[in-house]
Amino acid sequence: MVRSRLSCNGLRLRWLIRTLMKVVVFVVFVLNTADAVTPSPSVLELGAVRLVNGLSNREGRVEVEINGVWGTVCDTAWTLNDARVVCWQLGMGNAEAARGSAFYGSGSGPIHAHNVQCSGSETNLNDCHFMTGGCDHSDDVGVLCSHFLVVATATSIRTLSIVNDAGTDLLSPISGFLRAVGLDYGTQPDRIFWGDVGADTISEASISRLGIFIRLLLQRLSVPDGLAWDWIGQNVFYTDTGLNRIGVVNAVELYHVTLIATGLDEPRAIALDPVAGYMYWTDWGATAKIE
């Protein structure tokens, strides 16, 4: 009788062990399966951002880089707040539209992010919550960064929208000078340059999500009538009609050089081709000409 009871208990023990092992295996399988199908927040670091296939450099399909490999972003939960972060990260001001469904064409390669969730106040996509995987290239996102016309009046510089609500100010007017005439514009980041013939100065306004920051580049001129921005060398070329000179000031280190001081009668407008290395200007003197 004792032997029979021991045998029965042994059988129960072996049955219980087998049952527990099956439960453990099943739980492990369920957990692994859940990890495979449920996206988790990414720990990858998004690198550079670029816009591709747009009509201008201020719009296009959003592509991000991870470890040297460019990929796209899926339009799951893609909103204007996310587009704003992309535009500010690129130094292109605010966003006017968030595009989905491969509006700018389907990309190729990996899809680096989806379900991007930004508040709109971030300066980099890495500061936003996002996930990896999922979607296909028919869901690639794009953005339209602000397009505007820069206009100088006697005492202010305005940025007027030419897309949504055309003619309205995108930014608060820049003021605080006497008479702005020469005017040019640079991107990445957005920058406005102007000459003030009342104060005889050349200034720069940098535009960021935090506001507009004005910096004096050059002073003690005579009549800084025209200027042109060299985005390659980061230089501002200008004409000084009062001194009949053409000069240049570097916007990074602020060094100044007079390029031409003779043979000019009344230099005014100036234009550049930084890629080819050419400079053109008008001379309004006794013999008007373009050189």
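This one's a predicted model, so the numbers in the text were calculated from it and none came from an experiment. Nothing fancy with the numbering, it's 1 onward along the sequence.
- Ile246 and Pro267 get closest at one heavy-atom pair: CG1-CB, 4.5 Å.
- Within the model, atoms OG of Ser119 and CG of Asp82 stand 9.5 Å from one another, a figure rounded to the nearest 0.5 Å.
- Note: Met92 CE to Glu59 CD = 10.5 Å, rounded to the nearest 0.5 Å.
- Atoms OG and CD1, from Ser172 and Ile157 in turn, are 13.5 Å apart once rounded to the nearest 0.5 Å.
- When side chains are defined from C-beta on, Leu125 counts as touching Val64, because their heavy atoms get closer than 4.5 Å.
- Evaluation of the side-chain contact (heavy atoms from CB on, under 4.5 Å) rule for Leu160 yields Val151, Arg158, Asp169 as partners, not counting sequence neighbours.
- By the criterion of side-chain heavy atoms lying less than 4.5 angstrom apart, applied directly or through intervening Ile, Leu, Val, Met, Phe, Trp or Tyr residues, Ile111 is not grouped with Val141; the two fall into different hydrophobic clusters.
- Formation of a donor-acceptor pair under 3.5 Å by the Glu122 side chain with backbone atoms of Gly120 is found in this model.
- Every residue was checked against the ring pair (Phe, Tyr, Trp, His ring centres under 6.0 Å) condition with Phe213, not counting sequence neighbours, and none meets it.
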Kindly indicate, with the supporting measurements, whether the criterion side chain to side chain contact (heavy atoms under 4.5 Å, CB included) is fulfilled by Ser206 and Ile212.
CA-CA 6 Å; Ser206 298; Ile212 301 174; over 6 Å; no
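- The two residues Leu80 and Glu96 make their nearest non-hydrogen contact at CD1-C, 4.0 Å.
- The shortest side-chain heavy-atom distance between Asp190 and Arg58 falls under the 4.5 Å cut-off.
- When side chains are defined from C-beta on, Met279 counts as touching Ile260, because their heavy atoms get closer than 4.5 Å.
- Residues forming a side-chain contact (heavy atoms from CB on, under 4.5 Å) with Asn81 (at least two apart in sequence, or on another chain): Thr79, Arg84.
- In this view, Thr159 satisfies the side-chain hydrogen bond (donor to acceptor under 3.5 Å, both in side chains) rule with no residue, not counting sequence neighbours.
- Scanning all heavy atoms of the two residues, the minimum distance from Val85 to Thr123 falls at CG1-C, 4.2 Å.
- Remark: side-chain polar atoms of Ser106 are paired, donor with acceptor, to backbone N or O of His137 under 3.5 angstrom.
- Trp194 and Ile202 fall into different hydrophobic clusters, where Ile, Leu, Val, Met, Phe, Trp and Tyr are joined by side-chain heavy atoms under 4.5 Å apart, directly or via other members.
- For residues 55-85, the pairs satisfying disulfide bond (SG atoms under 2.5 Å apart) are Cys74-Cys135, with sequence neighbours left out.
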Checking side chain to side chain donor-acceptor pair (under 3.5 Å) for the pair Asn115/Gln117: CA distance, chi angles, key distance, verdict?
CA-CA 6 Å; Asn115 198 27; Gln117 297 179 25; 3.2 Å; yes
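- Judged as a salt bridge (Lys or Arg N to Asp or Glu O under 4.0 Å), the pairs with a partner in residues 282-291 (not counting sequence neighbours) are, in order, Lys289-Glu291.
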Can I get a per-line list of side-chain donor-acceptor pairs under 3.5 Å for residues 217-227, giving both atom names and the distance, sequence neighbours left out?
none

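- Both Val116 and Leu90 belong to a common hydrophobic cluster when Ile, Leu, Val, Met, Phe, Trp and Tyr are linked at side-chain heavy-atom distances under 4.5 angstrom.
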With side chain to side chain contact (heavy atoms under 4.5 Å, CB included) as the test, would you mind laying out the steps for Asp265 and Thr287 before giving the verdict?
CA-CA 8 Å; Asp265 197 359; Thr287 305; over 6 Å; no
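- The two residues Ala271 and Ala228 have their closest heavy-atom pair at CA-CB, 4.2 Å.
- In this structure, Ser101 OG and Asp140 CG are separated by 10.0 Å, a value rounded to the nearest 0.5 Å.
- In this structure, a donor-acceptor pair under 3.5 Å is absent between the side chains of Asp273 and Tyr280.
- Remark: Ile290 engages Thr282 in a side-chain contact (heavy atoms from CB on, under 4.5 Å) (not counting sequence neighbours).
- Here the side chain of Asn53 pairs no donor or acceptor atom with the backbone of Gly60 at under 3.5 angstrom.
- Trp70 and Val52 are members of different hydrophobic clusters when ILVMFWY side chains are connected at heavy-atom separations under 4.5 Å.
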Could you check Thr262 against Arg245 for side chain to side chain contact (heavy atoms under 4.5 Å, CB included), going step by step and ending with a plain yes or no?
CA-CA 7 Å; Thr262 60; Arg245 292 178 180 176; over 6 Å; no
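- In this structure a side-chain-to-backbone donor-acceptor pair under 3.5 Å is missing from Thr258 to Gly247.
- Not a single ring pair (Phe, Tyr, Trp, His ring centres under 6.0 Å) links Trp78 to another residue, sequence neighbours left out.
- Taking OG1 from Thr132 and NE2 from His112, the interatomic distance works out to 10.5 Å, rounded to the nearest 0.5 Å.
- A pairwise comparison of heavy atoms in Leu254 and Ala251 identifies CD2-O, 4.3 Å as the closest pair.
- Between the side chain of Asp196 and the backbone N or O of Leu178, at least one donor-acceptor pair lies under 3.5 Å.
- Residues Asn57 and Leu51 are not in side-chain contact: their nearest non-hydrogen atoms beyond the backbone lie 4.5 Å or more apart.
- Looking only at distances, a side-chain donor or acceptor of Arg61 sits under 3.5 Å from a matching main-chain atom of Gly105.
- A side chain to side chain donor-acceptor pair (under 3.5 Å) check over residues 173-182, counting only residues at least two apart or in different chains, returns nothing.
- Each of Phe237, Trp281, Trp231, Tyr278 was checked for a side chain to side chain contact (heavy atoms under 4.5 Å, CB included) with Leu272, and the lone residue meeting it is Phe237.
- No side-chain heavy atom of Val248 sits under 4.5 Å from any side-chain heavy atom of Val236.
- Annotation: ring pair (Phe, Tyr, Trp, His ring centres under 6.0 Å) contacts of Phe193 (sequence neighbours excluded): Trp229.
- Not counting sequence neighbours, the partners of His256 by the ring pair (Phe, Tyr, Trp, His ring centres under 6.0 Å) test are Tyr238.
- Once rounded to the nearest 0.5 Å, the distance linking CG of Asp230 with CG of Asn235 reads 5.0 Å.
- Clustering ILVMFWY residues whenever any of their side-chain heavy atoms sit less than 4.5 angstrom apart, transitively, puts Val275 in a cluster other than the one holding Ile270.
- A pairwise comparison of heavy atoms in Arg191 and Tyr185 identifies O-CD1, 3.2 Å as the closest pair.
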After noting the C-alpha distance and the side-chain angles of Asn94 and Cys145, does the key distance pass the side chain to side chain contact (heavy atoms under 4.5 Å, CB included) rule?
CA-CA 6 Å; Asn94 214 337; Cys145 299; over 6 Å; no
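- Between the side chains of His147 and Ser56, at least one donor-acceptor pair of N or O atoms lies under 3.5 Å.
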